[in-house]
Amino acid sequence: LEFDKAAKELDTDVFWYTDDKDKTHISNLRFDNFLQNKGISKHFPHKDSSDFEFIIKDSNFVDWIDTTRIKDIVKKTLLNSGDYDVWDLMAKNTQYFKKDFLSMMDTIEIAPKRDTGTESFLYYKNNAVKTTKEGIELIEYKDIEEIIWRNQIIDRDIVLSDESEGEFKTFIWRLSGEDKERYYTLKSVLGYLMHSYQNPSKPKAIIFNDEMISDDIPNGGSGKGLIHKAINYIKNVCVENGKKFDPNGQFAYQLVNKDTQVFLLDDVSRNFNFENLFSIVTEGMIVEKKGQDAFKIPFIESPKLSITTNYTIKGDGASFNRRVFEVEIANHYNEHNTPEDEFGHQFFSGWDSKEWAIFDNFMIRCVQYYLENGLIESNKVNLEYRKFKQNTGIEFIEFMESQTFNGLPVKRKDLKDAFTKAYPKEDKWLTSQLFNKKVKDYCAFNKFEIEEKKSNGLMCFYITTDEKEEQQEDDDLPY
């Protein structure tokens with residue numbers, strides 16, 4: 001009977017008692033129970049870390065809560081019930097709201113609902129949206145058993161509609177160069193980034209590149225940033241300054257949280273080394289925040305990786321190609337022609353509820369398109385040439401274009417000496433091996449035949465172009 005009585009008392013909001021001298025005391029056990037009744041618990045977000053946080057659970061929604069907000073909840077409850085003396089006592093003794101003291105609370109494990117290989121879930125205020133390649137349907141939250149992070153709730157209601165012909169769809173059409181295949185590529189990439197499932201057999205970082213050939217004139221304002229702002233209205237996007245980012249730094253990923261869904265390296269520099277990201281693309285990332293233990297986000301729970309750049313990213317070979325999916329953005333928008341110029345208002349902040357509804361339905365259809373088709377490749381306009389130019393060097397290209405190749409032997413040493421004489425600054429870092437590779441790469445890109453063999457005891461290049469054949473074809477033209 002005494003136990004039942006105590007248990008009943010613990011179910012109330014009363015976590016204090018008065019002694020025989022009419023002095024108020026806080027019962028730690030009852031205070032713990034009071035906080036639990038409010039849905040507040042302790043949670044270790046990372047298994048390999050001793051750091052814990054506090055969470056608050058309401059139905060199947062869960063959110064992070066700090067000690068200040070916990071204090072606000074206690075204060076509001078006490079003042080609403082008229083227990084001012086209890087609040088006065090707690091306000092004078094702030095230990096009750098210190099993290100170490102609150103560590104007395106029970107620890108709970110949470111398993112939030114995740115996308116699968118065949119299903120995507122987006123959470124709006126009124127309903128969840130389940131998307132598969134077969135269809136799109138609304139789900140009431142009462143029918144979802146798993147936990148949902150409250151910060152993944154999109155702050156809009158959703159009404160499914162067949163209408164998706166809005167401004168953002170037009171914007172994506174412009175970025176595709178109004179080319180059907182490139183449009184489908186962008187549509188699949190949007191779907192991929194919004195589908196928070198990591199496929200271990202197909203790990204990909206998305207690289208957004210400009211179509212413009214010149215690497216000497218960065219093409220800012222092409223629309224890459226607006227794409228990610230749009231995604232951020234659907235998913236939790238963590239943005240890192242690409243020019244200042246050091247992938248080998250101790251706190252490189254300190255802005256990333258367990259619930260981050262897309263990690264954007266925005267505007268990386270010309271010499272960015274993608275190889276430094278190989279491990280996070282396929283294995284997950286180690287996150288260390290200042291003053292806290294480092295923890296690992298395993299690949300299956302890690303955010304999708306997106307990179308924007310005004311340059312081409314250096315890289316080649318199977319390891320590079322297996323980890324990247326490159327998208328070329330058309331030169332429709334720039335500093336002289338912005339989306340605001342074209343549509344008459346700013347994106348997002350200038351939209352009414354109808355335009356938002358069209359936007360949401362278009363983005364959901366992008367997810368469905370990706371689930372049905374995967375990432376869709378399309379022809380690149382200038383990307384391959386830009387890569388070739390960056391990897392080979394404009395000076396080397398100019399030199400080779402000035403040479404005449406007719407299938408006769410050209411001594412490798414003589415060719416290198418001629419190049420370094422024309423461009424003496426290039427001689428410092430140019431080994432014979434690297435020069436020979438550049439020659440082969442140049443011939444491969446231009447589809448020239450090349451052989452290496454000795455002539456009079458010296459290694460020579462035998463390079464044959466198809467200029468004669470092209471001249472014959474030109475002679476056959478009627479005019």
Side-chain angles (χ1 to χ4, degrees), residues 112-141 144 146 148-149 151-173 175-176 180-199 201-206 208 226-238 259-264 300-306 325 327 347-348 355-378:
K113 191 170 184 62
R114 295 187 178 280
D115 289 354
T116 69
T118 58
E119 298 174 324
S120 166
F121 296 90
L122 296 176
Y123 306 106
Y124 289 83
K125 287 198 301 185
N126 58 334
N127 284 299
V129 178
K130 176 183 176 181
T131 304
T132 66
K133 67 179 183 180
E134 288 83 14
I136 303 166
E137 63 178 303
L138 295 179
I139 301 177
E140 294 187 28
Y141 285 114
I144 298 177
E146 296 92 339
I148 300 166
W149 283 108
N151 66 355
Q152 292 182 4
I153 304 296
I154 301 164
D155 192 26
R156 300 183 294 280
D157 287 340
I158 183 65
V159 177
L160 295 182
S161 168
D162 292 333
E163 186 176 4
S164 62
E165 299 291 336
E167 291 182 357
F168 192 73
K169 183 176 181 179
T170 301
F171 170 75
I172 295 298
W173 176 245
L175 295 188
S176 69
K180 184 177 180 181
E181 297 305 318
R182 292 174 68 188
Y183 168 75
Y184 287 141
T185 292
L186 276 172
K187 192 173 179 180
S188 71
V189 165
L190 285 170
Y192 171 80
L193 290 173
M194 290 186 292
H195 181 223
S196 298
Y197 170 79
Q198 291 281 31
N199 186 341
S201 65
K202 296 179 180 179
K204 294 289 184 183
I206 304 297
F208 289 86
L226 274 180
I227 288 176
H228 290 88
K229 282 185 179 180
I231 295 172
N232 196 34
Y233 280 102
I234 303 289
K235 292 287 188 174
N236 291 331
V237 179
C238 171
D259 49 6
T260 299
Q261 295 167 304
V262 177
F263 180 60
L264 168 63
I300 197 69
E301 299 176 8
S302 65
K304 296 286 180 72
L305 176 61
S306 186
F325 187 90
V327 185
F347 266 26
F348 313 124
E355 194 62 47
W356 274 111
I358 295 172
F359 165 78
D360 285 325
N361 277 275
F362 171 71
M363 297 296 265
I364 292 168
R365 279 169 173 73
C366 287
V367 175
Q368 185 183 32
Y369 184 81
Y370 166 72
L371 290 175
E372 185 175 0
N373 301 283
L375 287 169
I376 299 296
E377 289 278 8
S378 57

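Both backbone and side-chain heavy atoms feed into the values below; hydrogens, waters and symmetry mates do not. The chain is numbered in sequence order, starting from 1.
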Main-chain N/O of Leu190 paired with His195 side-chain donor or acceptor, under 3.5 Å
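It does not hold such a pair.
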If we ignore hydrogens and angles and just use 3.5 Å, is the side chain of Gln261 paired with the main-chain N or O of Asn236 as donor and acceptor?
yes
Test salt bridge (Lys or Arg N to Asp or Glu O under 4.0 Å) applied to [X] - qualifying residues, sequence neighbours left out:
{"X": "Lys113", "answer": "Glu146"}
{"X": "Glu372", "answer": "none"}
{"X": "Lys229", "answer": "none"}
{"X": "Lys204", "answer": "none"}

Measuring from [X]:[atom1] to [Y]:[atom2], what's the distance to the nearest 0.5 Å?
{"X": "Trp173", "Y": "Lys180", "atom1": "CH2", "atom2": "NZ", "answer": "8.5 Å"}
{"X": "Asp115", "Y": "Met194", "atom1": "CG", "atom2": "CE", "answer": "11.0 Å"}
{"X": "Tyr370", "Y": "Tyr192", "atom1": "OH", "atom2": "OH", "answer": "6.0 Å"}
{"X": "Glu119", "Y": "Leu371", "atom1": "CD", "atom2": "CG", "answer": "9.5 Å"}
{"X": "Leu175", "Y": "Thr185", "atom1": "CG", "atom2": "OG1", "answer": "12.5 Å"}
{"X": "Met363", "Y": "Ser164", "atom1": "CE", "atom2": "OG", "answer": "12.0 Å"}

Check: [Y] and [X] side chains under 4.5 Å, non-hydrogen atoms:
{"X": "Val129", "Y": "Ile139", "answer": "no"}
{"X": "Leu264", "Y": "Ile231", "answer": "no"}
{"X": "Cys366", "Y": "Tyr369", "answer": "no"}
{"X": "Lys304", "Y": "Ile206", "answer": "no"}
{"X": "Gln198", "Y": "Leu305", "answer": "no"}
{"X": "Asn361", "Y": "Leu160", "answer": "yes"}
{"X": "Phe121", "Y": "Ile148", "answer": "no"}

For [X], give me all partners under side chain to side chain donor-acceptor pair (under 3.5 Å), at least two apart in sequence or on another chain.
{"X": "Asn126", "result": "none"}
{"X": "Arg114", "result": "none"}
{"X": "Lys125", "result": "none"}
{"X": "Asp259", "result": "Trp64, Asn151"}

To check you understand the geometry: which heavy-atom pair defines the closest contact between [X] and [Y], and what is its length?
{"X": "Val237", "Y": "Asn232", "value": "N-OD1, 3.2 Å"}
{"X": "Leu193", "Y": "Val262", "value": "O-CG2, 3.5 Å"}
{"X": "Val327", "Y": "Val189", "value": "CG2-CG2, 3.6 Å"}
{"X": "Gly374", "Y": "Ser188", "value": "O-CB, 3.4 Å"}
{"X": "Tyr197", "Y": "Ile300", "value": "CE1-CD1, 4.1 Å"}
{"X": "Ala128", "Y": "Ile144", "value": "CB-CD1, 3.8 Å"}

Who are the ring pair (Phe, Tyr, Trp, His ring centres under 6.0 Å) partners of [X], not counting sequence neighbours?
{"X": "Phe362", "answer": "none"}
{"X": "Phe168", "answer": "Phe171, Phe359"}
{"X": "Phe208", "answer": "His228"}

Of Ile154, Leu122, Thr260, which meets side chain to side chain contact (heavy atoms under 4.5 Å, CB included) against Lys235?
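Considering Ile154, Leu122, Thr260, a side chain to side chain contact (heavy atoms under 4.5 Å, CB included) with Lys235 is found only for Leu122.
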Aromatic contact between Tyr233 and Trp356, with the criterion being ring centroids under 6.0 Å apart: yes or no?
yes
Less than 3.5 Å apart, any donor N or O on the side chain of Glu163 or Ser161 sitting next to an acceptor on the other?
no
Regarding Tyr124 and Asp360, do their side chains bring together a donor and an acceptor under 3.5 Å, going by distance alone?
yes
Residues forming a side chain to side chain contact (heavy atoms under 4.5 Å, CB included) with Glu167, sequence neighbours excluded:
Phe343, His345, Phe347, Trp351, Glu355
